[in-house]
Amino acid sequence: MVTQPIRGTRDLLGEEYDKFSFLYQTALNVIPLYGYKGIETPIIEYTSLFERGLGEATDIVGKEMYTFPDRSNRSLTLRPEGTASVARAIINAGLTQTMPQKLFYIGPMFRYENPQKGRYRQFYQLGVESVGVSNPIADIESIALAAHFLNVCGITDYQLQLNTLGDVESRQAYRQALVDYFTQYKNDLSVESKTRLGKNPLRILDSKSPKDQELCANVPKFENFLNNASKAFFDAVQEGLVSLGIPFNLDQKLVRGLDYYCHTTFEFNTQYLGTQNAILGGGRYDGLFQQLGTNSLPAIGWATGLDRLMLLLPELNKPKKLKIALIVDEEWLQPFALKLMQQLRLNNIFCEMPLNDNISKRLKEAYKAECQVLIFVRKEEYCEKNVKIRYLDNMNLFSSAKEKEKTVAISEIVPYLSSLS
Ligand code: HAM
């Protein structure tokens with residue numbers, strides 16, 4: 001059916017669009033307070049960017065990317081996330097010598113996942129990336145910004161899960177411990193986890209298979225394999241969060257689905273979205289830039305799924321705005337009404353001119369649009385250089401106005417209505 005959107009994609013309109021733009025606007029208000037500047041990257045990139053950046057063994061690269069050859073047979077991919085693109089953009093703009101860089105983005109991402117409530121094939125992410133600072137203060141600030149943004153949106157019922165994946169040395173030691181442990185139970189592992197055992201055994205820890213989860217219950221603990229430097233780093237992050245009054249739970253199984261993470265990883269979860277409980281996720285990715293072929297740069301960031309936040313947003317409390325409708329009863333008065341409407345709009349006043357067949361339908365249209373003031377443009381007043389105003393006051397805007405109707409000189413109409421709005 002040509003009128004249906006592609007499975008896993010949807011149109012945003014009405015209340016949903018309002019929620020989307022509320023989140024967008026809130027992001028634009030809050031995120032720059034932390035020194036971030038905006039960036040837009042292309043929606044399509046060379047496939048190799050994600051293969052190298054996210055890791056070939058990840059679910060995203062292995063199963064979820066929209067990858068296709070273009071007409072010149074280059075392999076392109078609709079971006080499944082924003083971090084690799086931002087890193088590429090920093091390298092491409094020659095900014096790796098101009099550190100730190102703090103960038104944020106808002107836009108659609110694409111993953112070929114099984115669609116359900118809160119999980120789409122085209123979804124919208126707001127992401128922040130802070131590049132160039134290896135101090136754990138950057139991790140603390142990044143998480144504080146995430147909590148600040150969610151709170152300002154009115155989303156406060158979440159749990160912050162925190163973990164560390166340590167540095168390369170710690171991860172190698174832990175990786176070996178996991179291989180030794182899971183190899184004993186190799187035959188009991190799910191098919192997917194058997195493959196992960198060879199490629200990235202850490203990912204077995206966030207397997208959804210009940211059997212794998214049972215085996216994970218007695219898995220060696222990462223904390224016993226962290227070297228002193230990694231421990232100290234993670235302690236500093238936790239102390240910082242405590243000092244800012246940001247509560248968190250430690251979750252050793254939070255390994256995240258992308259290979260570029262090291263040290264701090266975190267997720268904000270909610271209990272209101274069933275299995276799609278992750279509303280925001282991120283972490284440190286000090287190895288990504290080197291992986292993309294440039295000098296090593298420390299970095300930390302997160303992304304949040306705006307579609308999931310929309311599902312959690314409380315009803316929007318839209319401020320009452322003055323809305324005006326022009327009711328014109330004779331066609332020859334329409335050019336005058338059109339000019340008046342334009343003048344009002346140029347003065348930031350909401351104004352509509354219903355054009356239904358007859359007056360009663362025009363009035364109905366004005367009521368439906370929740371207009372509080374009607375301006376009647378009629379021959380008798382027009383010839384006297386006046387218009388008639390009627391207050392509907394359906395939103396109690398004019399509790400002080402005693403009259404229901406008023407005659408106003410055309411020359412006075414803009415200042416008069418401006419004084420009301
Ligand atoms: P991610 O955990 O894959 O991380 O995605 C971040 C957020 O995007 C998730 O917590 C979720 O809210 C939302 N999300 C993911 N997939 C879907 C989907 N199919 N439908 C709806 N929402 C979805 C990243 O993408 C990393 N780039 C985050 C990051 C930035 N790490 C460091 N910097």
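Numbering of ligands and ligand atoms starts at 1, following listing order. Values reported hereafter were calculated over all heavy atoms of this structure, with side chains retained and with hydrogens, waters and symmetry mates removed. Just so you know, these numbers come straight off a predicted model, no measurement behind them.
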Inset, instruction - Could you tell me which residues satisfy side-chain hydrogen bond (donor to acceptor under 3.5 Å, both in side chains) with Asp18, sequence neighbours excluded, listed by chain and number? - result: Lys318
Legend entry - Phe268 ring center within less than 6.0 Å of Tyr158 ring center: yes
Inset, instruction - Take Asp139 and Phe233, measure what side chain to side chain contact (heavy atoms under 4.5 Å, CB included) needs, and give me the verdict at the end. - result: CA-CA 10 Å; Asp139 306 45; Phe233 191 96; 3.4 Å; yes
Inset, instruction - For ligand 1, would you mind listing the residues that have at least one heavy atom less than 4.0 Å away, ordered by chain and number? - result: Glu81, Thr83, Arg111, Glu113, Gly118, Arg119, Tyr120, Phe123, Gln125, Glu129, Arg256, Leu258, Tyr260, Tyr261, Ala278, Ile279, Leu280, Gly281, Gly282, Gly283, Tyr285, Gly301, Trp302, Ala303, Gly305, Arg308
Using a 3.5 Å cut-off and no angle test, enumerate the donor-acceptor pairs between side-chain atoms of residues 351-358 and protein atoms at least two apart in sequence or in another chain.
residue, atom, partner, partner atom, Å
Asn356, ND2, Glu365, OE1, 2.7
Asn358, OD1, Ser360, N, 3.3
Asn358, OD1, Ser360, OG, 3.3
Asn358, OD1, Lys361, N, 2.9

Inset, instruction - Could you tell me if the ring centre of Tyr174 sits under 6.0 Å from that of Phe225? - result: yes
Inset, instruction - Tell me, please, which residues at least two apart from Thr67 pass side-chain hydrogen bond (donor to acceptor under 3.5 Å, both in side chains). - result: Thr77
